[in-house]
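Numbers restart at 1 for each chain; the letters A, B, ... are given by sequence-line order, proteins then strands. What's counted below: heavy atoms across the whole structure, side chains too, no hydrogens, waters or symmetry copies.
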2 protein chains.
Amino acid sequence: MLHDPAQLDLMFQALADPARRQMMERLSRGPASVSQLAEPLAMSLSAVVQHLNVLEASGLVSTEKLGRVRTCRIEPKALRAAEHWINERRLAWERRLDRLGDFLAETKQQT
Amino acid sequence: MLHDPAQLDLMFQALADPARRQMMERLSRGPASVSQLAEPLAMSLSAVVQHLNVLEASGLVSTEKLGRVRTCRIEPKALRAAEHWINERRLAWERRLDRLGDFLAETKQQT
DNA sequence: GCGATACTGAAGTATTCACTTAACTATTTT
DNA sequence: AAAATAGTTAAGTGAATACTTCAGTATCGC
């Protein structure tokens with residue numbers, strides 16, 4: 001479920017926007033309300049809510065409404081899934097380079 | 001330079017598309033030509049070239065043309081930058097949760 | 001040199017995005 | 001109860017995306 005391509009789509013797409021990454025940075029320092037997330041951003045509150053919905057749909061953020069304030073927090077599981085995907089590919093490539101290096105070193109010795 | 005928001009934009013945006021992620025998966029197993037990248041994808045070669053240009057512009061992939069074939073390879077540095085950004089945010093959040101846990105454990109003992 | 005191969009580029013199109021404004025709903029505060 | 005606060009929703013707009021097809025341009029193999 002965490003490796004569902006559609007879910008990864010949503011997560012990477014969510015992280016592709018600078019405003020949303022800024023919101024994630026804010027949330028990495030602790031939970032925040034919608035207005036608190038909006039404060040440093042040069043856009044309407046409405047736009048922020050829309051960004052927030054994208055983040056929530058991607059699973060990167062979860063929210064909970066108490067009274068009139070919606071409190072948002074990071075969902076580390078989802079973040080880990082995105083991280084994991086990247087890591088796998090990078091490692092596969094780097095292991096390949098290592099093997100290639102070993103191979104070259106060996107064949108060099110054999111001359 | 002690796003933490004340039006614009007560069008991160010390009011990288012996450014590049015990874016947001018399933019076709020491009022599939023191309024990255026193929027490349028993580030070794031260099032490939034444009035046609036080899038295109039082979040498993042249900043779209044025109046032209047579309048693949050366009051995706052490839054997105055990947056290259058993001059820095060995630062570098063290419064080199066010899067004769068008539070363009071060979072593509074993963075650029076692990078860029079991949080590491082994206083990974084790093086995610087990791088930082090996740091760790092910040094998880095450390096926060098840990099501190100909170102410690103705090104709750106302490107105050108509980110004090111009763 | 002001639003045909004096949006491996007791309008490349010331009011133009012067009014349908015869809016999706018990132019906003020905006022404006023009108024509205026629920027909760028507190030006074 | 002009235003006014004302020006916090007957020008939501010809908011509709012619209014301009015720009016960016018993800019393709020397509022078609023018409024190229026270099027190699028390469030014979």
task: Please report the shortest heavy-atom distance between A:Val34 and A:Val48, naming the atom on each side.
output: O-CG1, 4.2 Å
message: Go through it in stages, so that I can follow the logic: the residues are B:Met24 and B:Val61, the test is side chain to side chain contact (heavy atoms under 4.5 Å, CB included), and I'd like the CA-CA distance, side-chain angles, deciding distance and then a yes or no.
response: CA-CA 8 Å; B:Met24 288 297 285; B:Val61 163; 3.6 Å; yes
message: If we ignore hydrogens and angles and just use 3.5 Å, is the side chain of B:Arg20 paired with the main-chain N or O of B:Gln13 as donor and acceptor?
response: yes
Once you round it to whole Å, what is the distance between [atom2] of [N] and [atom1] of [X]?
{"X": "B:Arg68", "N": "D:dG29", "atom1": "CZ", "atom2": "P", "value": "6 Å"}
{"X": "B:Gln13", "N": "D:dA16", "atom1": "CD", "atom2": "P", "value": "11 Å"}
{"X": "A:Lys65", "N": "D:dT5", "atom1": "NZ", "atom2": "P", "value": "17 Å"}
{"X": "B:Leu15", "N": "D:dA18", "atom1": "CG", "atom2": "P", "value": "12 Å"}
{"X": "B:Asp17", "N": "D:dA16", "atom1": "CG", "atom2": "P", "value": "18 Å"}

task: State the NE2-CD distance between B:His51 and B:Glu56, to the nearest 0.5 angstrom.
output: 15.0 Å
Spatial distance of atom OG (B:Ser62) from atom NZ (B:Lys77) [nearest 0.5 Å]: 11.0 Å
Heavy-atom side-chain contact between B:Arg96 and A:Pro31 under 4.5 Å: yes
task: Would you mind reporting whether B:Leu27 and B:Leu37 have side-chain heavy atoms less than 4.5 Å apart?
output: yes
field: Pairwise 5' ranking along DNA chain C for B:Asn53 and A:Ala19, keeping only the more 5' one
entry: B:Asn53
For chain B, the stretch of DNA chain C it reaches, first to last nucleotide, under 4.0 Å of its heavy atoms: C:dA4 to C:dA10
- prompt: When you measure from every atom of DNA chain C, which of residues 36-51 of chain A have a heavy atom less than 4.0 Å away?
  reply: A:Met43, A:Ser44, A:Ser46, A:Ala47, A:Gln50, A:His51
message: Exactly one of B:Arg89, B:Glu83, B:His84 should register a side chain to side chain contact (heavy atoms under 4.5 Å, CB included) with A:Glu83. Which one does?
response: B:Glu83
